[in-house]
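A single structure is presented below for examination.
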Amino acid sequence: MIQIIASDMDGTLLNDKMTISPQNAAAIKKAQAQGVHFVVATGRERKEAWPLLQEAGITCPMITINGAQVFDEAGKQLSATPIPKELAARVIRSFKKNHLYCEVVTSRGTYSDNKASRIENFAQLLANVNVDTPFKLAVSLASARMEIMNIQYTDSYFDLLADPHLSILKIVGFSADGPQVLDPIKQEMLTFGPLSITSSSSNNIEVNIKDANKGHALATFADSLNIPLDNVMAVGDNNNDVPMLKVAGVSFAMGNGSTEVKKLANYITDINTADGVAKAIEKALTLD
């Protein structure tokens with residue numbers, strides 16, 4: 001019997017308009033009404049993800065920043081797993097050395113050092129996870145969403161590193177050339193120290209400290225409720241979802257998911273623009 005349902009957001013719970021469809025929202029509320037714990041597990045920080053849940057009328061615990069922060073239903077932080085500052089500095093220098101735009105997610109929110117690059121790369125993410133979305137439309141959607149995402153801007157990421165009251169939780173680097181450029185950088189960064197490097201799209205790599213991943217956070221969440229992992233369901237579409245799909249007793253890959261995710265999952269549901277999460281939840285609620 002499923003007692004916990006964990007869902008990724010981008011390319012999974014969110015459709016091509018970057019919203020939670022009425023069908024997905026209804027399925028989540030139906031599961032919650034039956035006593036199932038629903039939790040979002042996202043690479044986004046809470047300030048980016050929470051408004052999208054509010055729009056759909058959903059209240060739930062949140063695993064954010066790929067597991068680097070976990071919040072209860074009321075928004076109280078339960079855990080945080082930062083990257084040591086000296087290790088974060090090496091990662092940022094590597095991106096800069098390779099002339100790649102990157103963003104830094106901190107204990108005080110997400111920071112960018114280039115607004116135009118922020119919009120361009122977020123638009124590329126939208127276009128990648130929603131293949132039917134033209135890039136020009138993705139740019140428009142990205143620009144419109146900037147206002148609710150609480151992005152902050154800084155002249156230098158190294159000013160953030162110098163702040164003793166601020167923690168670095170994730171660093172994301174982008175390249176329109178995808179794995180061809182990003183894979184060698186990833187391999188170099190893995191020599192820096194205990195890092196977890198995943199991706200939420202083919203055009204990015206997401207850098208966390210090793211223990212900050214969706215699988216570890218989901219397992220800890222289940223343990224806090226004394227719920228066995230066999231009774232946990234997870235649904236996702238990309239490589240940063242792999243750790244939680246591995247620990248969950250029941251796993252669903254989105255129809256638009258990566259090849260790796262589809263091979264790993266127990267089931268494949270519909271695509272994110274056709275209420276794939278709702279269909280996965282309906283199936284999960286019928287499992288013994």
Distance (rounded to the nearest 0.5 Å) between Ser167 OG and Ile209 CD1: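 Atom-to-atom, Ser167:OG and Ile209:CD1 are 12.0 Å apart.
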Do you know which two heavy atoms are closest between Met189 and Leu195, and how far apart they sit?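 So the two residues come closest at O-CD1, 3.5 Å.
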Applying side chain to side chain contact (heavy atoms under 4.5 Å, CB included), run through Val261 and Val242 and close with a yes or a no. CA-CA 6 Å; Val261 167; Val242 166; 4.1 Å; yes
Could you walk me through whether Asp237 and Thr12 pass the side chain to side chain donor-acceptor pair (under 3.5 Å) test, one step at a time? CA-CA 6 Å; Asp237 75 305; Thr12 302; 3.1 Å; yes
Side chain of Lys47, backbone of Thr110: donor and acceptor closer than 3.5 Å?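 Absent.
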Sequence neighbours excluded, every pair satisfying ring-ring contact (aromatic ring centres under 6.0 Å, His included) that has a member inside residues 210-268: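 For residues 210-268, and leaving out neighbouring residues, the ring-ring contact (aromatic ring centres under 6.0 Å, His included) pairs sorted by first residue read Phe252-Tyr267.
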Tell me, yes or no, whether the heavy-atom count around Lys262 atom NZ, taken from other residues, nucleotides or ligands under 6.0 Å, exceeds 12.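 Counting neighbours around NZ of Lys262, more than 12 heavy atoms of other residues, nucleotides or ligands fall under 6.0 Å, so yes.
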Any donor and acceptor pair, going by atom type alone, linking the side chain of Asn24 with main-chain N or O of Ala278 inside 3.5 Å?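 It does hold such a pair.
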Reported CE-to-CD1 distance for the pair Met254 and Ile271, which is rounded to 0.5 angstrom: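 Output value for this atom pair is 8.0 Å.
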Check whether any side-chain heavy atom of Gln152 lies under 4.5 Å from a side-chain heavy atom of Thr106, and answer yes or no.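 No - every pair of side-chain heavy atoms lies 4.5 Å or more apart.
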Which donor-acceptor pairs under 3.5 Å do side chains of residues 73-91 form with protein atoms, sequence neighbours excluded?
residue	atom	partner	partner atom	Å
Gln77	OE1	Gln69	NE2	2.7
Lys85	NZ	Leu161	O	3.3
Lys85	NZ	Asp163	O	2.9
Lys85	NZ	Leu166	O	3.0

Nearest-0.5 Å distance that lies between atom CD1 in Ile65 and atom CD1 in Ile168: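 One gets 10.5 Å once the value is rounded to the nearest 0.5 Å.
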Tell me, with the steps shown, if Gln32 and Cys60 meet side chain to side chain contact (heavy atoms under 4.5 Å, CB included). CA-CA 9 Å; Gln32 290 176 320; Cys60 65; 4.1 Å; yes
To the nearest 0.5 Å, tell me how far Asp113 CG sits from Glu103 CD.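 That separation rounds to 9.0 Å.
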Side-chain donor-acceptor contact under 3.5 Å, Ser21 with Asn15: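 No, no side-chain donor-acceptor pair sits under 3.5 Å.
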Please report the interatomic distance CG(Asp183) to CD1(Ile197), rounded to the nearest 0.5 Å.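 The distance works out to 10.5 Å.
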Between Thr269 and Val277 (side chain of the first, backbone of the second, donor and acceptor by atom type, cut-off under 3.5 Å), is there such a pair?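 Not a single qualifying donor-acceptor pair exists.
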Is Gln34 reaching over with its side chain to a backbone N or O of Leu285, donor-acceptor style, under 3.5 angstrom?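 No, Gln34 side chain to Leu285 backbone: no donor-acceptor pair under 3.5 Å.
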Quick check against the 3.5 Å criterion: does Asn256 have a side-chain atom that pairs as donor or acceptor with the backbone of Asn272?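 Side chain of Asn256 to backbone of Asn272, a donor-acceptor pair under 3.5 Å: yes, one is there.
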Side-chain heavy atoms nearer than 4.5 Å, only ILVMFWY residues, links allowed to pass through others: does that put Trp50 and Phe71 together?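 Per the 4.5 Å side-chain linkage, Trp50 and Phe71 are not co-clustered.
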Set of residues satisfying side chain to side chain donor-acceptor pair (under 3.5 Å) with respect to Lys263, sequence neighbours excluded: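 For Lys263 there are no side chain to side chain donor-acceptor pair (under 3.5 Å) partners, ignoring immediate neighbours.
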Which atom pair, heavy atoms only, marks the closest approach of Ala25 to Ile20?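 That closest heavy-atom pairing would be N-CG2, 3.9 Å.
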Basic-acidic side-chain contact under 4.0 Å: Lys170, Glu45: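 Salt bridge absent between Lys170 and Glu45.
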If I take atom CG from residue Asn238 and atom OG from residue Ser201, how far apart are they, to the nearest 0.5 angstrom?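 Asn238 atom CG to Ser201 atom OG measures 6.5 Å (nearest 0.5 Å).
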Is it true that a side-chain atom of Asn98 and a backbone atom of Ser94 form a donor plus acceptor pair closer than 3.5 Å?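 Yes, the answer is positive, given that a donor and an acceptor are paired below the 3.5 Å cut-off.
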With no hydrogens and no angle check, do the side chains of Glu206 and Ser200 hold a donor and an acceptor under 3.5 Å apart?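 Their side chains do contain a donor-acceptor pair, which is all the 3.5 Å distance test asks for.
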Can you check whether Ile227 reaches His37 side chain to side chain, under 4.5 Å on heavy atoms?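 SC-SC contact between Ile227 and His37 confirmed.
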Apply side chain to side chain contact (heavy atoms under 4.5 Å, CB included) to residues Ile63 and Val39 and explain how you reach the verdict. CA-CA 7 Å; Ile63 294 167; Val39 57; 4.0 Å; yes
Okay, side chain of Thr154, backbone of Tyr157: is any donor-acceptor separation there less than 3.5 Å?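 Checking the backbone N and O of Tyr157 against the side chain of Thr154, no donor-acceptor pair under 3.5 Å is found.
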Steps toward side chain to side chain contact (heavy atoms under 4.5 Å, CB included) verdict (Glu188, Lys97): CA-CA 12 Å; Glu188 177 192 20; Lys97 177 186 71 175; 2.9 Å; yes
Has Asn266 got a side-chain atom pairing as donor or acceptor with Ser251's backbone, closer than 3.5 angstrom?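 A pair under 3.5 Å: yes.
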Just so I know, are the side chains of Ile281 and Ile2 near enough to count as touching, which here means a heavy-atom distance under 4.5 Å?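 Contact flag for Ile281/Ile2 side chains = no.
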Write down the atom of Ala222, the atom of Val232, and the distance for their closest heavy-atom approach.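 Of all heavy-atom pairs spanning Ala222 and Val232, the closest is CB-CG2, 4.0 Å.
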Looking only at heavy atoms, what is the nearest atom pair of Arg44 and Leu52, with distance?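 The answer is NH1-CD1, 3.6 Å.
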So among Asn208, Asn213, Asn66, which one has a side-chain hydrogen bond (donor to acceptor under 3.5 Å, both in side chains) with Asn240?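 Looking at Asn208, Asn213, Asn66, the match for Asn240 under the side-chain hydrogen bond (donor to acceptor under 3.5 Å, both in side chains) is Asn66.
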Work out which heavy atom in Gly173 is nearest to a heavy atom in Leu182; give both atom names and the distance.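 Of all heavy-atom pairs spanning Gly173 and Leu182, the closest is O-CD2, 4.4 Å.
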Answer yes or no: is there a side-chain heavy-atom contact under 4.5 Å between Ile58 and Val40?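 Not touching, per the 4.5 Å side-chain cut-off.
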Measuring only between side-chain heavy atoms, which start at C-beta, is Lys214 closer than 4.5 Å to Leu245?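 Lys214 vs Leu245: side chains apart.
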Within the side chain of Lys279, is there an N or O that forms a donor-acceptor pair under 3.5 Å with the backbone of Asp270?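 A pair under 3.5 Å: no.
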Taking all atoms of both residues into account, what is the closest heavy-atom pair of Lys29 and Ala56, and its distance?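 Looks like NZ-O, 3.0 Å.
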